[in-house]
Amino acid sequence: MKQNYLISRQPLEKIRAIHYTLAILYKISKGNDACLHYIQRVALIRTLALKPDILLLDEPFSALDYVTRLNVSEDVLQILRMEGKSAIMVTHNLEEALTMSDTIIVLSKRPSHIKNIYVLDFDKDLSAMEKKKTDLFLKYYNLIWKDIDENV
């Protein structure tokens, strides 16, 4: 029992330190997108300190401006790759879904059901920005947009 306590104590101390840093950044930020970028990164690191098997990212970048969103999504993608973690991301931003995902699941209108599943065939080493420059990105974008547009 004592061994379990020691194992679980280390992540708890990391989480407290990260939470403290997050609180300071939040107070400093007051809407500053540069600080919000770091807040998002700290929040992800705080989550990863718990060593989850899968992360749920529900509209993780929706509060950020476009440039900050690009930077943070690139950071998140790199961190997930380095940590070898999987994530389920809920987003209404097709560009974000294409650059961050291996698989996209399109849901129908309510009552929702799975309408289509797209397994993306991008080179795994490409950054989010590099993916956007490929012909494959445009192909997937148009294909999935048509599927989404039928739901509107």
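Worth saying up front: this structure is predicted, and the values here are computed from it rather than measured. Throughout, residue positions are numbered sequentially from 1 according to the sequence presented.
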Margin query: Which residues end up grouped with Ile54 if you chain together Ile, Leu, Val, Met, Phe, Trp and Tyr wherever their side-chain heavy atoms are less than 4.5 Å apart?
Written below: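 Once heavy-atom contacts under 4.5 Å are chained together, Ile54 belongs with Leu56, Ile88, Val90.
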| task | Check side chain to side chain donor-acceptor pair (under 3.5 Å) between Thr91 and all other residues, then give those that pass, not counting sequence neighbours. | result |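 Residues passing side chain to side chain donor-acceptor pair (under 3.5 Å) with Thr91: Glu96.
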(Q) Holding to side chain to side chain donor-acceptor pair (under 3.5 Å), I want the full list of residues that pass it with Tyr118, two or more places apart in sequence or in another chain. (A)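 Result, side chain to side chain donor-acceptor pair (under 3.5 Å) vs Tyr118: Asn116, Asp147.
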Answer whether the closest heavy-atom distance between the side chains of [X] and [Y] falls below 4.5 Å.
X      : Y      : answer
Arg69  : Asn93  : yes
Leu107 : His113 : no
Ile104 : Ile117 : no

Same cluster (ILVMFWY, side-chain, under 4.5 Å), [X] and [Y]:
X      : Y      : answer
Tyr141 : Leu126 : no
Met100 : Met129 : no
Val106 : Trp145 : yes
Val76  : Leu70  : no

Considering non-hydrogen atoms only, spot the tightest contact between [X] and [Y] and give its length.
X      : Y      : value
Ala128 : Leu77  : N-CD2, 4.1 Å
Ser108 : Lys115 : N-CB, 4.1 Å
Glu74  : Ser127 : OE2-CB, 3.2 Å
Leu120 : Ala97  : CD1-O, 4.5 Å

(Q) Are more than 12 heavy atoms, taken from residues, nucleotides or ligands other than His92, located less than 6.0 Å from that residue's NE2 atom? (A)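 Atom NE2 in His92 is not crowded, with 12 or fewer foreign heavy atoms closer than 6.0 Å.
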Exercise for the section: Decide if atom CG of Asp58 counts as having more than 12 heavy atoms of other residues, nucleotides or ligands within a radius under 6.0 Å. Expected result: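 More than 12 heavy atoms, drawn from other residues, nucleotides or ligands, come within 6.0 Å of this atom.
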Within residues 117-131 or reaching into it, pairs that qualify as salt bridge (charged side-chain N to carboxylate O under 4.0 Å, His left out) - sequence neighbours excluded: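 Found Asp102-Lys124.
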Test: salt bridge (charged side-chain N to carboxylate O under 4.0 Å, His left out). Region: residues 82-95. Which pairs qualify, not counting sequence neighbours?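 Salt bridge (charged side-chain N to carboxylate O under 4.0 Å, His left out) check on residues 82-95 returns Glu95-Lys132.
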Listed partners of Phe137 passing ring-ring contact (aromatic ring centres under 6.0 Å, His included), at least two apart: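 Testing Phe137 for ring-ring contact (aromatic ring centres under 6.0 Å, His included), a comparison that skips the adjacent residues, returns none.
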Side-chain donor or acceptor of Ser101 paired with backbone N/O of Leu98 under 3.5 Å:
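It does not hold such a pair.
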